Amino acid sequence: DSEERVGHAYLFSGPRGTGKTTIARVLAKALNCENLTDGEPCGECDSCLAIEQGTSFDLQELDAASNNKVDEMRELISRAALGSPGRNKVYILDEVHMLSTGASNALLKTLEEPPDHVTFVLATTDPQKVLPTIRSRTQHFELGLLPAEQIESLLRDVIDDAQLEVGEDAVAFALRKGSGSARDSLSALDQVVAAGGVTGGDRPATGVLEALSAHDLGQALTAVAEALGRGHDPRVVGGDVLARLRNAFLIRMGGSPDSLTEADTTEAAEVGQALGPAGLTRALEAIGEALLEMRQAPDPRIPLEVALVRLTRPESDISSSALLARIEALEAGGVPAASASRPAG
């Protein structure tokens, strides 16, 4: 850095798309830049350009998921002792938690006695699976997702700079798809531009949520059928329903979901108001259980449809959460909305 304090090993952790490997490449540039200014690489010298183009001998990137054996790690370590054109050789090990125990121990030995000219950057989405002894020998930086406001600002800057002709629906689509990840949001925007606009079928759960709010079983099953007819997998539909129910639950309970557009926030508030705390809890449980059952079901539509029956027809559900919801309604002096449409007899 600008004060010449450089560690021999770093651990970058965080969800995918938060810039772990990107930051590692910037670090490699800074460690080898020929015109470093206040700790910032120039981006124009031969070393910076070689790293940018992926042709630098000073930067080696490996995916630990596919290079996780002891022999592969020992080969990497033997190469680390060799010199390179720049001042520092940087090794980026992505998804380092995927290393086998033997490979982790081999890496640990090198981290204990690293060559002076070598810097290791370990990246992972699951730092708890990295050996504690490895974590203790690194400088650990935790990277997080960005709030919706920052992602939206980034997207609009890109749209303006590239003079893209996209509408507000494209920005909303990219925000939803990115879920707080700058990389994934930009990829989603690129997808919209390549497709010539948002297709309109990117939100398979919309009809299902409307049906749940109205306690309308027929509408719910029809919405599922329509989503599947547009090519959506039942698991995708169920996952979208669950994610948007979670947003509604958080808002209903006074929380603040990440990366929601204004329209999504309004929708979540309406769903939360319609279902109430008990209804939202039942829905989260039922859809969550359905998603688990879908993994082994001969027809993954069935667990989702059964869950929707339970949610829109409480009288058919004898689970503890359903009984609590009915008791809550009775104590409030009313009855669950679906019971009003219960068939006579």
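Bear in mind that the values here come from a model prediction, so they are computed numbers and not experimental data.
Ion pairing between Asp264 and Arg176 holds under the 4.0 Å rule for side-chain N and carboxylate O. Looking at Glu289 and Arg310, a side-chain N of the basic residue comes within less than 4.0 Å of a carboxylate O on the acidic one, giving a salt bridge. For Lys29 and Glu34, the salt-bridge test fails: no basic side-chain N is under 4.0 Å from an acidic carboxylate O.
Residues Met73 and Leu99 meet the side-chain proximity criterion, which asks for heavy atoms closer than 4.5 Å. Counting heavy atoms from C-beta outward, His8 and Thr119 have side chains that stay 4.5 Å or more apart. In this structure, the side chains of Leu107 and Val96 come closer than 4.5 Å at one or more pairs of heavy atoms. Side-chain atoms of Phe120 and Tyr10, non-hydrogen and from C-beta on, never get closer than 4.5 Å to each other. Side-chain contact between Val121 and Ile23 is absent, with no heavy atoms from C-beta onward closer than 4.5 Å. Contact check for Leu145 versus Thr18: side-chain heavy atoms found under the 4.5 Å cut-off. Residues Leu49 and Thr55 form no side-chain contact, since every pair of their non-hydrogen atoms from C-beta on lies 4.5 Å or further apart. The shortest side-chain heavy-atom distance between Val90 and Asp58 does not fall under the 4.5 Å cut-off.
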Go through the steps for Asp184 and Lys177 under the test side chain to side chain contact (heavy atoms under 4.5 Å, CB included), then give the verdict. CA-CA 7 Å; Asp184 292 351; Lys177 288 293 184 180; over 6 Å; no
Apply side chain to side chain contact (heavy atoms under 4.5 Å, CB included) to the pair His140 and Ser13, showing each step before the final yes or no. CA-CA 8 Å; His140 187 185; Ser13 66; 2.7 Å; yes
Given the rule in the salt bridge (Lys or Arg N to Asp or Glu O under 4.0 Å) test, do Arg156 and Glu168 qualify, once you have shown the distances and angles that lead to the verdict? CA-CA 10 Å; Arg156 294 191 185 282; Glu168 290 299 311; 2.7 Å; yes
What's the verdict on salt bridge (Lys or Arg N to Asp or Glu O under 4.0 Å) for Glu52 and Arg25, showing C-alpha distance, side-chain angles and the deciding distance? CA-CA 8 Å; Glu52 188 73 31; Arg25 291 174 191 140; over 6 Å; no
Under the criterion side chain to side chain contact (heavy atoms under 4.5 Å, CB included), I'd like the reasoning laid out for Val171 against Leu189: C-alpha separation, chi angles, the key distance, then a yes or no. CA-CA 7 Å; Val171 176; Leu189 179 63; 5.8 Å; no
Please lay out, stage by stage, how Val224 and Val208 fare under the test side chain to side chain contact (heavy atoms under 4.5 Å, CB included). CA-CA 7 Å; Val224 170; Val208 178; 3.9 Å; yes
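Thr312 places no side-chain N or O within 3.5 Å of a backbone atom of His215 that could act as its donor or acceptor partner. Put simply, the side chain of Asp216 gets close to the backbone of Gly218: a donor and an acceptor are under 3.5 Å apart. When atom types are taken as modelled, the side chain of Asp190 and the backbone of Leu186 share no donor-acceptor pair closer than 3.5 angstrom. Side-chain N or O atoms of Ser104 include one that pairs as donor or acceptor with a backbone N or O of Ser100 at under 3.5 Å. Between the Asp240 side chain and the Ala205 main chain, a donor and an acceptor come within less than 3.5 Å of each other. For Arg87 (side chain) and Cys33 (main-chain N/O), a donor-acceptor pair under 3.5 Å exists by modelled atom type. With hydrogens and angles ignored, the 3.5 Å screen pairs no side-chain donor or acceptor of Lys20 with any backbone N or O of Leu11.
Here CD1 of Ile151 is found 4.5 Å from OG of Ser185. Values are rounded to the nearest 0.5 Å. For the atom pair CG of Leu212 and CG of Leu245, the computed distance is 6.5 Å after rounding to the nearest 0.5 Å. With rounding to the nearest 0.5 Å, the separation of CD in Glu152 from CG in Asp157 is 10.5 Å. Taking OG of Ser213 as the start and CD of Glu267 as the end, the distance is 8.5 Å to the nearest 0.5 Å. Leu93 CG to Gln60 CD: the interatomic distance, rounded to the nearest 0.5 Å, is 11.0 Å. Between the NE2 atom of His117 and the CG atom of Asn88 there is a distance of 8.5 Å, given to the nearest 0.5 Å.
Glu95 and His97 form a side-chain donor-acceptor contact under 3.5 Å, judged by distance and modelled atom types alone. Side-chain N/O atoms of Thr206 and Arg244 include a donor and acceptor closer than 3.5 Å.
Within 6.0 Å of the CZ atom in Arg183, the count of heavy atoms belonging to other residues, nucleotides or ligands exceeds 12.
Closest of all the heavy-atom pairs between Gln191 and Phe173 is NE2-CZ, 3.9 Å. Among all heavy-atom pairs drawn from Pro277 and Met253, the shortest one is CB-SD, 4.3 Å. The shortest non-hydrogen separation linking Gly272 to Leu280 is CA-CD1, 3.7 Å. Shortest non-hydrogen contact noted between Ala307 and Ala290 is CB-CB, 4.0 Å. Nearest approach of Pro303 to Pro300, heavy atoms of both residues: CD-O, 3.4 Å. The two residues Pro15 and Thr125 have their closest heavy-atom pair at C-CG2, 4.3 Å.
Both Phe141 and Leu27 belong to a single network of hydrophobic side chains, linked directly or stepwise wherever heavy atoms of I, L, V, M, F, W or Y lie under 4.5 Å apart. Taken together through direct or relayed side-chain contacts under 4.5 Å among Ile, Leu, Val, Met, Phe, Trp and Tyr, Leu228 and Leu209 form part of one hydrophobic cluster. Hydrophobic clustering (side-chain heavy atoms under 4.5 Å, transitive across Ile, Leu, Val, Met, Phe, Trp, Tyr) groups Leu284 together with Ile287. Val166 and Leu154 end up in the same hydrophobic cluster when Ile, Leu, Val, Met, Phe, Trp and Tyr side chains are linked at under 4.5 Å. A continuous path of hydrophobic side-chain contacts links Leu175 to Val158 [ILVMFWY only; heavy atoms under 4.5 Å].
Applying the salt bridge (Lys or Arg N to Asp or Glu O under 4.0 Å) criterion to Glu210, with sequence neighbours excluded, gives no partner residue. The salt bridge (Lys or Arg N to Asp or Glu O under 4.0 Å) test applied to Asp299 returns Arg301, not counting sequence neighbours. Every residue two or more places apart in sequence or in another chain that forms a salt bridge (Lys or Arg N to Asp or Glu O under 4.0 Å) with Arg235 is listed here: Asp233.
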